[in-house]
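What's counted below: heavy atoms across the whole structure, side chains too, no hydrogens, waters or symmetry copies. Indexing begins at 1, ligand by ligand and atom by atom, following the structure's order.
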Amino acid sequence: MALEQHFDQLKELTLGEMFAKDRSRAGRLTKEALGIYFDYSKHRVTDETLALLMRLARECGLPARIQAMFEGRRINVSEQRAVLHIALREPPGTSLVVDGQEVVAAVHAVLDQMAAFADRVRSGSWRGHTGKRVSTVVNIGIGGSDLGPRMAYEALRAYSQPGLSVRFISNIDGTDFAEVTRGLDPAETLFVVCSKSWHTLETLTNAETAKEWVLAASGGDESAVARHFVAVSTNAKGVSDFGIDTANMFPFWDWVGGRYSLDSAIGLSLMIAIGPERFSEMLQGFHEMDEHFRTSPLEDNLPVLMGLLAVWYNNFFEAESLAVLPYDQYLARLPSYLQQLEMESNGKHVDLKGQTVSYQTGPIIWGQPGTNGQHAFYQLIHQGTKLVPCDFIGFCQTLNPLGRHHDLLMANMFAQTEALAFGRSTAELRQAGVAEWQIPYRVCEGNRPTSTILLDRLTPGSLGKLVALYEHKTFTQGAIWGIDSFDQWGVELGKLLADRIIPELESAADPELDHDDSTNELIRRYRRLR
Ligand code: G6Q
């Protein structure tokens, strides 16, 4: 294949050589769209690489796949579902009919319901059981029903209403519940229970514990539940059986995947924090990126470029992971959000037809905000034996202008991409007077690829664009690998086995154990020592 031959020629070429030879490289390998400046010149690619990657995208039918998603076709083949998170941010008045349902109108009906509720909580007209206004919203959910609102709430903290805080409980570990609710007044706490299925062990267990916590404070008065709990779910019966008034239930649809659900009612706690207007600015940002992805030529299409670069390292350089390094403390949770987005979407071993693939699919995604990571794991990226392509994300303006902080932060970000690309050679070290014996330890080879994603300012709109950029990057890779990026069957087996072990841990009498020897012994030891 042409790309393989090209890779053999290109793999020895360094970024230093490529920049030295071509003074127009930086200008050429930079794109700007929707206020996002994307510099991919520090990647181990040439114009030919990019042309070949574009050809690969066309051969894999990427344009048709994009169209199929936007038309609402059932591209989630293993679950026979349409994939329509893009409909969640369509402006009102547009039309998209799926299975006879006008989905954009349905989306806006729920957004209006959310906005009315969020306004009531924010203005204080929604009161708790004893008449107090809400000071803390606690989101209970896990995975896609947690990571999105959690990441976005942290990211947009500067825009949230003073005096109203949002906390998150996700883990089945009782410590999560205990620590998050410590110090809270049940009379001022509103729980937003988020579960698409309303079957999730962690969420239902935490919601039950929350109910007991509220009831204990209200002397067991069941009517308190309706004032302190609302639900986001597709399962009305489950919600009503739990005791939540379905008038306070915010629905969504099976064509919204959990990890793509931030823009649905799953974002309710975020909307309460930042207000409906800011929330729609965020949706507008998502939508602008959707349109960019749908309509831009592949060569100018930011998510396509990012996806193809990731494929290049994953399948040719055999890079196993990719680091996301935001230089903004507000984006501290973005790497773990993207970890779910990409790894749950593209961690697949069969193609769309169910055939085992003969190539690598999704890489491991990880990261931490800069500059913290610089004092920890960056060593391996600079001098280790593994190739770790990195995304550096930063903003030209800070939301917290404090003395020199922002210039120092950004200086570090730019310095890292420079150091990773160009390193420090033996000759440079010698010239700097470094002792000869120490030089080998101190050489940085460089040639470590990075993308720089630079935006003006962190706003709800720019966050929306950034998240949609990664969503569509994930989509692009899935299309190249020919996999279903929208199912997640791999998480089922563990749940199934846990259901079997739960009664074995809880039974009073010693249970008959029929697992492997290791698991049997772990269960016995736990029962003995707990
Ligand atoms: C995401 C996954 C998963 C899901 C959680 C919570 O794409 O499907 O992370 O969001 O398992 O599921 P519920 O919302 O149904 O509780």
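Sequence neighbours left out, the pairs with a member in residues 224-249 that pass ring-ring contact (aromatic ring centres under 6.0 Å, His included) are Phe191-Phe229, Trp198-Phe242, Phe229-Phe242.
For Tyr153 and Asn139, the side-chain atoms include no donor-acceptor pair closer than 3.5 Å.
For Glu504, there are no salt bridge (Lys or Arg N to Asp or Glu O under 4.0 Å) partners two or more places apart in sequence or in a different chain. For the side-chain hydrogen bond (donor to acceptor under 3.5 Å, both in side chains) test, no residue two or more places apart in sequence or in another chain qualifies with Thr136.
A distance-only check finds no donor-acceptor pair linking the side chain of Asp391 to the backbone of Ser451 [under 3.5 Å].
Under a 4.0 Å N-O distance rule, the pair Lys237/Asp241 qualifies as a salt bridge.
Closer than 4.0 angstrom to ligand 1 sit non-hydrogen atoms from Ile142, Gly143, Gly144, Ser145, Ser195, Lys196, Ser197, Thr200, Gly258, Arg259, Gln340, Glu344, Gln488.
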